[in-house]
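As structure tokens, the structure follows; a few thoughts come after it.
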Number of protein chains: 2
Amino acid sequence: MNRATIYSIAQELGVSASTVSRAFSRPDLVRDSVREQIVATAQRLGYQPNRFARGLATGRTGLIGLLVPDITNPFFPPVVRAIEQAAAGRDTDVLLADAGVDGMAEPALIERLRAQVDGLLIASPRTSSAALKEAIAGTPAVVINRALQGLPSVVVDNTAALQQAAQYMADSGHRKIALLCGPASSWAASRRAKAVRRWAEDSDAELVELGPFEAQFDDGRTAAADIIASGATGVLAFDDLMACGVLAGLADHGRKVPDDISVVGCDDVLLARTVTPALSTVTAPIDELGRHAVQALAQVVAGEPVENVKLEGSLTLRGTTTPAG
Amino acid sequence: MNRATIYSIAQELGVSASTVSRAFSRPDLVRDSVREQIVATAQRLGYQPNRFARGLATGRTGLIGLLVPDITNPFFPPVVRAIEQAAAGRDTDVLLADAGVDGMAEPALIERLRAQVDGLLIASPRTSSAALKEAIAGTPAVVINRALQGLPSVVVDNTAALQQAAQYMADSGHRKIALLCGPASSWAASRRAKAVRRWAEDSDAELVELGPFEAQFDDGRTAAADIIASGATGVLAFDDLMACGVLAGLADHGRKVPDDISVVGCDDVLLARTVTPALSTVTAPIDELGRHAVQALAQVVAGEPVENVKLEGSLTLRGTTTPAG
DNA sequence: ATGAAAGCGCTAACAA
DNA sequence: TTGTTAGCGCTTTCAT
């Protein structure tokens, strides 16, 4: 039963509703003894402020919307959790929207969410900048893992870790390295590819680019044949899912990892740890990502200035890669 | 800008606010020509009803709360998506709460959610019935994948599929089958174990029970040694994650799957399809689960009677199991 | 430090 | 079919 209101409490104590309201929203404005009584009976009655009434009065809902492109992609659940936990710490709840496979619907989803929340956290690697910006316009928002002109963002930058991975393979004696590119429309994919290309310029190892791929498991599996054909002995996959596909594909062709070929993924999703051998990959500080995202959004909502934040991914070496040297 | 209200529209058209309100909530009560005008200017002004005002007035928020124990467990993301999609179809949004590793907090999460939603969808395999029931009391709720005295539920029953899996292994010539039990406190775990035990009673294959385990990947991996020691050549794991662990553990010990040992998991999570060889498992109709859950909750909220719904899992044979015969 | 009163945007009788 | 009038529960001036 959600029956207790500030009025029932007020009546019970012979004070006014405003006092009860203040006891919660501006505790400093209420005499200690009174406040204690109020809190006590609130407790006893199981009172919880009605967020909608509060929202109506203040214009703040205590809700943020989180848009993810595909919650089924193992990269996102940890992100969702991190955000939700960070939000809970600020007494705000998270309205989740999953774009599903058809990213087409994202602007519509944003439209639906925006009316009910204080602000939006948007992870949308594929939708066009223009469409995204138009959909977001007028709503406090911060973008996750993507830079979008004029909007605050928090991203994890894997450039250094990826280059380190490439260098590590080169140091291990690999002369030809295959880069499996992610979706052409993906912001992260182009960043990652760029990082590796930049590395290759200063290296005497040879870079072979394959793709772009949709970045599904089967894409990686299929690509194995091309990798083998290319003669590359080291592979940098756009993400872990593709990397695991490559592992499977390599096994299909009887190639041993890491003896014949080394593989490195990106994101360090659950899969990376459950595959055999465990996948070398680039790990992102997801909890930090969540904290920063929520905090940045809070600032935007409050009208404060926000700086874009950039977190660093780090190389995690596991079983799909041989010792350097 | 979320500035347009029913009043701005009313004023603009020279009608009353109630008429505008009706145009949206009870369209049939408004003359066609007028409604069209209203809808048109609403459109033009970018009007969206304020859900909080509406919630205050009606007591309905258009929000449902979804509690999952661990969104990082690959079983849940598809469930979340299914529920969210089903909800979107009814113009309701989903407030997500993730209990995280420490399921302890679930009653607290429920407490936090209940005040802001029309009803709760609860997936909580581990929390005690008593605690759960107390936390839920007074809030419309339906329980997912668990039966809870007095509360409506929608569950997927894997009994038949599991027995079929066991029988399949027996038919393939396996004389000794290991059952890796899930967490003792898990409702699903006890159901699954029971199914297999019941099957064993009528079979002349021998059943070896191992566990209970926490059902993490490493539990399965570790259990591989015991499986080998037991002499079992077929294994039924509580879930896919453990099954994949078993696969890894068996590989550690140089055993071939499915040549030496057959393995069957349960749930058909993404992992099952990306492991090599692909895991034979039991597949649940998740989208249906979501639809039924949302619909059942809608009924509870509306005060209508609801029947518990039981969906059937089905056996999916893949590479970790040999042809019968 | 506290109370009175207005108002947030919407819905729901009740009248007309 | 439409308008009037009260609220829904809370916050927030403005007085006191």
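Each chain gets a letter, A, B and so on, in the order its sequence line appears, and its residues count up from 1.
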What's the [atom1]-[atom2] distance between [X] and [N], to the nearest Å?
| X | N | atom1 | atom2 | value |
| --- | --- | --- | --- | --- |
| B:Arg60 | C:dA12 | CZ | P | 10 Å |
| A:Ile38 | D:dT11 | CD1 | P | 12 Å |
| B:Arg51 | C:dC10 | CZ | C1' | 13 Å |
| B:Arg26 | C:dA13 | CZ | P | 10 Å |
| B:Arg54 | D:dC10 | CZ | C1' | 20 Å |
| B:Asn50 | C:dT11 | CG | C1' | 13 Å |
| B:Gln116 | D:dG9 | CD | C1' | 15 Å |
| A:Phe52 | C:dG7 | CZ | C1' | 19 Å |

message = Tell me every residue that passes side-chain contact (heavy atoms from CB on, under 4.5 Å) with B:Glu312, counting only those two or more places apart in sequence or in another chain.
response = B:Asp157, B:Ala160, B:Lys310
ask   = Among all residues two or more places apart in sequence or in another chain, which pass the side-chain contact (heavy atoms from CB on, under 4.5 Å) test with A:Asp93?
value = A:Arg51, A:Leu63, B:Leu95, B:Arg112, B:Leu113, B:Gln116
key: Any residue meeting ring pair (Phe, Tyr, Trp, His ring centres under 6.0 Å) with A:Phe24, in chain and number order, not counting sequence neighbours   = A:Tyr47
message = Does C:dT11 have OP1 or OP2 under 4.0 Å away from a side-chain N or O of B:Ser21?
response = yes
query = Could you run down nucleotides 2-7 of chain D 5' to 3' and tag each one B, S or - for protein heavy-atom contact under 4.0 Å?
reply = BBB--B
Side chains of residues 33-45 of chain A: which donor-acceptor pairs under 3.5 Å do they make with residues two or more places apart or in other chains?
unit_1: A:Arg35; atom_1: NE; unit_2: A:Pro27; atom_2: O; d: 3.2
unit_1: A:Arg35; atom_1: NH2; unit_2: A:Asp32; atom_2: OD1; d: 2.7
unit_1: A:Thr41; atom_1: OG1; unit_2: A:Gln37; atom_2: O; d: 3.4
unit_1: A:Thr41; atom_1: OG1; unit_2: A:Ile38; atom_2: O; d: 3.2
unit_1: A:Arg44; atom_1: NH1; unit_2: A:Glu12; atom_2: OE2; d: 3.4
unit_1: A:Arg44; atom_1: NH2; unit_2: A:Glu12; atom_2: OE2; d: 2.8

ask   = With sugar-phosphate meaning primed atoms plus P, OP1 and OP2, does B:Tyr47 contact a base, only sugar-phosphate, or nothing at under 4.0 Å between heavy atoms?
value = sugar-phosphate
Listed pairs under 3.5 Å, donor-acceptor, residues 289-301 of chain A side chains, sequence neighbours left out:
unit_1: A:Gln295; atom_1: NE2; unit_2: A:Gln299; atom_2: OE1; d: 2.9
unit_1: A:Gln299; atom_1: NE2; unit_2: A:Pro305; atom_2: O; d: 3.2

message = Using a 3.5 Å distance criterion without hydrogens, assess whether the side chain of A:Thr5 forms a donor-acceptor pair with backbone atoms of A:Tyr7.
response = yes
